[in-house]
Engineer: 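One structure follows; several queries about it will come next.
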Amino acid sequence: MEINPKTYEAYKLFHEGILAFCRAEQQGFRINLHYCEVTKNHLTRKIERKERKLKESKFYLRWKQVLGSVNINSNPALSIYLYKILKIKPAHTTPTGKGSTNNEALSALNIPELNILLDIRKLKKLRDTYLDAFIREQVKGYIHPSFNLNFAVTFRSSSANPNFQNIPKRDKESMRMVRKALYPRPGHQLMEVDYSGIEVRVAAAYHKDPVMLSYIKDPTSDMHGDMAKQIFMIDDWDRNRPDHKCLRSATKNGFVFPQFYGSYYKNNAMVLAGEWGGLADGKWEKGQGCPLGDGTLSDHLISKGISSMNKFIDHIKIIENDFWNNRFKVYQQWKKRHWKGYQKKGYVDSLTGFRCSGVMGRNEVINYPVQGAAFHCLLWSFIELDRVIHEELIDTRIIGQIHDAIIFDVNPVELEYISKVIKRVTCKDLPKAFKWINVPVDVDAELAGIDESWSDIRDYDMVKNKFKVS
DNA sequence: GGAACTCGCCAC
DNA sequence: AAACGTGGCGAGTTCC
């Protein structure tokens, strides 16, 4: 018989985790029902206007003429019309080999009517997946998302009814529209506390790479900056310069993190090139990309001898090789050992006592134990904070969790106290409980004002007890 | 009429 | 040698 939690600690973590989640579920997250309904109707009218505009276009009339009837929500039908009937070459294909109709593929075609369709899609997503779900799921003005510990193969959590873990954040317009529906209890304020770089820190406990350890331990060092400097061949690197900041962020999201998840140089090069727009029909052109110094990024790269996409790919290949064989050599050796170990045993164990077994690929074998244990850091803190809140009979409540973040509905009177407790539990008590943690862990906090919505949270210093000024 | 599938898209 | 990890959900479609 296979028991997945291999240790009593692992079993206990999930058992107590479920009970702590249960209390958060029961508490729920307050919504502004009136706002949801008004915004939903507003979106519906906006969608209808755009649909009318689309239906008057030549593009649509031709589509209808050829196929008899048209459902603009049908991606299979759109794919057939665009790529089979109009014989347009798809910008890229789906995993099953058909012409893709996703945002990237349709945007690339530069057809105004398709841009209207993309607008409609986006608005429908906001209306149907979020606002409408809040209205449907709410009970007496509170939604009660479920937090599950029994679905994810990595022993992470999942959330449903509604899913609390995929509420828009990056797109500011969508973020505001949806998060403006979510409120604390009257007279309270929302606080979100997240572990910074927890997966990278947990990975370090597995591989113990000295270079990575010093990157994490030395607050003056900057891994993403160092990589950006190397990738874009910048001599006078200055992490405070806006153009260099832009390159740092592109490197972090287009090279470093994808590499940790198991991506490789060709994909990285395409993403990096796509991000700054140097890639136009495979041509490498001057004057492309974000501004850099006197010119643009593509001017700079061309001046450094990277004069084509192929040269850029070769360049990233060299960087990747250096990344794993020189910079993070010990990390690389661990990945190799770890993968061999799985091939021999047929399973991998996490530092938190969970066993992943079954058929897995190399990337899965490497990622699962890191992803799981990183979440377990959050889970342990969640349980402990829930215990303190429950035992001390204070009024602040935990109302949700997003993999590496906890959301609180705080009584303003308790703000200073709970901040202190959160800081202690997450940063001091956790490493005492999980002895395998070999680097400091840290949290960032965001807070909204009293009676403000989730869209209003701002960076907050839990030690000085004041908002950070940006 | 529902199960199972594909596709697209939101989060970490 | 191979090549981005984990989820949920809405809509459309196909199959039984």
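Chain letters run A, B, ... following the sequence lines, proteins first and then strands; every chain starts at 1. This structure is a prediction, so every number in the text was calculated from the model and none was measured.
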Engineer: I'd like to know if Arg156(A) reaches the base of dC12(B) with its side chain, counting only an N/O donor and acceptor under 3.5 Å.
Structural biologist: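 For Arg156(A), whose side chain was compared with the base of dC12(B), there is a donor-acceptor pair (under 3.5 Å).
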Engineer: Output the single nucleotide from dT6(C), dA11(B), dG8(B) whose closest atom is nearest the side chain of Arg170(A).
Structural biologist: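 The closest nucleotide is dA11(B).
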Engineer: Expressed as a whole number of angstroms, how long is the span from Ile80(A):CD1 to dC7(B):P?
Structural biologist: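 So the CD1-P distance, Ile80(A) to dC7(B), works out to 12 Å.
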Engineer: Applying a 4.0 Å non-hydrogen cut-off, can you work out what Pro258(A) is touching in the nucleic acid: base, sugar-phosphate, or nothing?
Structural biologist: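 The answer is base, as Pro258(A) lies within the cut-off (heavy atoms under 4.0 Å) of a base atom.
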Engineer: Nucleotide by nucleotide, 5' to 3', does protein get under 4.0 Å of the base (B), only the sugar-phosphate (S), or neither (-) in nucleotides 9-16 of chain C, counting heavy atoms?
Structural biologist: SSSSS---
Engineer: Contact class for Ser174(A) (heavy atom, under 4.0 Å): base, sugar-phosphate, or nothing?
Structural biologist: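 If one applies the 4.0 Å heavy-atom cut-off, Ser174(A) turns out to touch nothing in the nucleic acid.
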Engineer: Checking all strands, does Asp194(A) fall into the base, sugar-phosphate, or nothing category for heavy-atom contacts under 4.0 angstrom?
Structural biologist: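 No contact.
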Engineer: Just how far, in rounded Å, is P of dG5(C) from CD of Gln259(A)?
Structural biologist: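 It works out to 13 Å between those atoms.
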Engineer: Given atom CD1 of Ile167(A) and atom C1' of dA11(B), what is their separation to the nearest angstrom?
Structural biologist: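 My rounded result for the distance is 9 Å.
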Engineer: In whole angstrom, give the distance that lies between atom CG of Asp404(A) and atom P of dG7(C).
Structural biologist: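 Atom CG in Asp404(A) sits about 17 Å away from atom P in dG7(C).
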Engineer: Return the nearest nucleotide to the side chain of Tyr264(A); candidates are dT6(B), dA3(C), dG7(C).
Structural biologist: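 Closest of the options to the side chain of Tyr264(A): dA3(C).
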Engineer: Kindly indicate, with the supporting measurements, whether the criterion salt bridge (charged side-chain N to carboxylate O under 4.0 Å, His left out) is fulfilled by Arg185(A) and Asp409(A).
Structural biologist: CA-CA 7 Å; Arg185(A) 291 164 294 164; Asp409(A) 181 315; 3.0 Å; yes
Engineer: Does the ring centre of Tyr35(A) sit less than 6.0 Å away from the ring centre of Tyr183(A)?
Structural biologist: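 No, the ring of Tyr183(A) stays outside the 6.0 Å limit from the ring of Tyr35(A), centre to centre.
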Engineer: Could you give the CZ-to-P distance, from Phe257(A) to dC12(B), as a whole number of Å?
Structural biologist: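 One finds 12 Å between P of dC12(B) and CZ of Phe257(A), rounded.
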Engineer: Starting from C1' on dA3(C), measure out to CE on Met360(A) and report it in whole angstrom.
Structural biologist: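 Going from Met360(A) (CE) to dA3(C) (C1'), I get 18 Å.
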Engineer: Does a side-chain N or O of Lys98(A) approach OP1 or OP2 of dC7(B) to a distance below 4.0 Å, or not?
Structural biologist: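 Lys98(A) to dC7(B) OP1/OP2: side-chain N or O found under 4.0 Å.
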Engineer: Quick check with a 6.0 Å cut-off and a 45 degree axis cone: is Lys55(A) positioned over the face of Trp63(A)'s six-membered ring?
Structural biologist: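 Cation-pi check for Lys55(A) and Trp63(A): fails.
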Engineer: With a 4.0 Å cut-off on heavy atoms, is Arg362(A) in touch with a base, just the backbone sugar-phosphate, or nothing at all?
Structural biologist: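 No contact at all - Arg362(A) keeps every heavy atom at 4.0 Å or more from the nucleic acid.
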Engineer: From CD of Glu199(A) over to P of dA11(B), roughly how many Å is that when rounded to an integer?
Structural biologist: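 The answer, rounded to whole Å, is 17 Å.
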Engineer: Looking only at the aromatic ring of each residue, does the gap between the centers of Trp454(A) and Phe134(A) stay below 6.0 angstrom?
Structural biologist: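 Centroid separation for Phe134(A) and Trp454(A): 6.0 Å or greater.
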Engineer: Would His338(A) and Tyr331(A) count as a close aromatic pair, with their ring centres under 6.0 Å?
Structural biologist: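 No.
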Engineer: Given atom CG of Asn102(A) and atom C1' of dC7(B), what is their separation to the nearest angstrom?
Structural biologist: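 In whole Å, dC7(B) C1' lies 9 Å from Asn102(A) CG.
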Engineer: Run the numbers on Tyr368(A) and Tyr347(A) for ring pair (Phe, Tyr, Trp, His ring centres under 6.0 Å), then give the verdict.
Structural biologist: CA-CA 11 Å; Tyr368(A) 287 2; Tyr347(A) 61 79; over 10 Å; no
Engineer: Looking at Ser263(A), does any N or O in its side chain come under 4.0 Å of the phosphate oxygens OP1/OP2 on dA3(C)?
Structural biologist: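 For dA3(C), OP1/OP2 do not have a side-chain N/O of Ser263(A) under 4.0 Å.
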Engineer: Of all heavy-atom pairs between Phe147(A) and Glu25(A), which one has the smallest distance, and what is that distance?
Structural biologist: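 Looks like N-OE2, 2.8 Å.
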Engineer: Taking only the side-chain nitrogens and oxygens of Thr154(A), find out if one of them lies under 4.0 Å from OP1 or OP2 of dG5(C).
Structural biologist: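 Answer is no, no contact under 4.0 Å.
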Engineer: Please classify the nucleic acid contact of Phe151(A) as base, sugar-phosphate, or nothing, using heavy-atom distances under 4.0 Å.
Structural biologist: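 Sugar-phosphate, backbone atoms only, no base.
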Engineer: Name the nucleic acid region contacted by Tyr130(A), choosing base, sugar-phosphate or nothing; use a 4.0 angstrom heavy-atom cut-off, strictly under.
Structural biologist: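 Sugar-phosphate: the residue Tyr130(A), judged by heavy atoms under 4.0 Å, touches backbone atoms but no base.
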Engineer: With a non-hydrogen cut-off below 4.0 angstrom, is Glu364(A) in contact with a base, only sugar-phosphate, or nothing?
Structural biologist: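 Since only primed, P, OP1 and OP2 atoms lie under 4.0 Å of Glu364(A), the category is sugar-phosphate.
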Engineer: Look at all strands and tell whether Tyr368(A) reaches a base, only sugar-phosphate, or nothing, counting heavy atoms closer than 4.0 Å.
Structural biologist: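 Sugar-phosphate contact only.
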Engineer: Any side-chain N or O of Thr96(A) less than 4.0 Å from the OP1 or OP2 oxygen of dC7(B)?
Structural biologist: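 Indeed, a polar side-chain atom of Thr96(A) lies that close.
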Engineer: Under 4.0 Å between any heavy atoms, over every strand shown, what does Val370(A) touch: base, sugar-phosphate, or nothing? Just pick one.
Structural biologist: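 No contact.
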Engineer: With sugar-phosphate meaning primed atoms plus P, OP1 and OP2, does Lys122(A) contact a base, only sugar-phosphate, or nothing at under 4.0 Å between heavy atoms?
Structural biologist: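 If one applies the 4.0 Å heavy-atom cut-off, Lys122(A) turns out to touch nothing in the nucleic acid.
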Engineer: Which one, dA3(C), dA11(B), dG8(B), comes nearest to the side chain of Arg121(A)?
Structural biologist: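 Per side-chain heavy atoms of Arg121(A), the pick is dG8(B).
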Engineer: For Ser157(A), report the nucleic acid contact type (base, sugar-phosphate, nothing); a contact means any heavy atom under 4.0 Å.
Structural biologist: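 The answer is nothing, as Ser157(A) stays clear of every strand by at least 4.0 Å.
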Engineer: Taking only side-chain nitrogens and oxygens of Lys169(A), does any of them come within less than 4.0 Å of OP1 or OP2 of dC12(B)?
Structural biologist: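 Lys169(A) to dC12(B) OP1/OP2: side-chain N or O found under 4.0 Å.
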Engineer: Any N or O donor-acceptor pair linking the side chain of Gln165(A) to the base of dG7(C) at under 3.5 Å?
Structural biologist: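 There is none.
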Engineer: Check for me whether the distance between the ring centres of Phe14(A) and His376(A) falls short of 6.0 Å.
Structural biologist: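 Aromatic pair counts; centres sit under 6.0 Å.
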Engineer: For Glu320(A) versus Phe255(A), what's the shortest heavy-atom pair and its separation?
Structural biologist: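 Closest heavy-atom pair between Glu320(A) and Phe255(A): CA-CZ, 4.0 Å.
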